[in-house]
J.: 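My questions all concern the structure below.
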Amino acid sequence: MSSGCPENIVLIGFMGSGKSTVGRLLARRSGRYFLDADTLIESQQGRPIPEIFASEGEAFFRQLERESAEWMARCVRGTVVSTGGGMPLVVERLREIGRVVYLKLPFESIVSRVTSKERRQRPLFGDLDTARELYDARRSVYEAQAQIVVEAEGPPERIVSEILKRLPS
Ligand code: S3P
């Protein structure tokens, strides 16, 4: 039986690909709530992600991502979820949360729109060579998880319209 809520939309993509900006606008335009999966983990843990990485390590953070994904699949409805860039690697069935949309962008475009301060705030984005390797390793995972792939170049309004056009009615 339908819950009467629109299905969740799960935005995936590399760090800096615009998931939060597009997600907020998409939520407003489609009558959904917005939830940032990183913020969800931070509020549940009571500390920022760089601190979680520094004190407990990446594996611990990935476990938190798995747990938050299970929770979202069970408890979140009618929402646009912006995921952390690594979540598609550790959560196999993102489709159990909702319709998975990949914001696809060349690495060069990502780097040109993210400030170096914003990069340094992310534990895995400080060093550009390492980030490039991550990007190359993850592309096929993003493609495999996606139900909709959107070229995420240009203004957020255009990207949101493109997503709305391609959602099942
Ligand atoms: C990560 C991406 C970050 C955050 C964490 C790890 C990654 O989220 O989850 O720093 O492995 O790509 P954003 O994609 O929102 O920056």
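Whatever order the structure lists them in is the order used to number ligands and atoms, beginning at 1. Note that the coordinates shown come from a computational prediction; the quantities given were computed from them, not determined experimentally.
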J.: Between Leu167 and Val149, is there shared hydrophobic-cluster membership here, with clusters defined by ILVMFWY side-chain heavy atoms closer than 4.5 Å?
T.: no
J.: Determine the interplanar angle of the Tyr135 and Phe107 rings, folded into 0 to 90°, and report it as parallel if under 30°, tilted if 30 to 60°, perpendicular if over 60°.
T.: tilted
J.: If you look at every heavy atom in Lys104 and Glu143, which pair is closest and at what distance?
T.: NZ-OE2, 2.9 Å
J.: Which protein residues have a heavy atom under 4.0 Å from ligand 1?
T.: Met15, Lys19, Asp38, Ile49, Phe61, Arg62, Gly84, Gly85, Gly86, Arg122, Pro123, Leu124, Arg138
J.: Determine the sole option in Thr39, Asp38, Leu64 for which the side-chain contact (heavy atoms from CB on, under 4.5 Å) test with Ile49 is passed.
T.: Asp38
J.: With under 30° as parallel and over 60° as perpendicular, where do the rings of Phe14 and Phe125 fit, or are they tilted in between?
T.: perpendicular
J.: Between Glu56 and Arg47, is the closest basic N to carboxylate O distance under 4.0 Å?
T.: yes
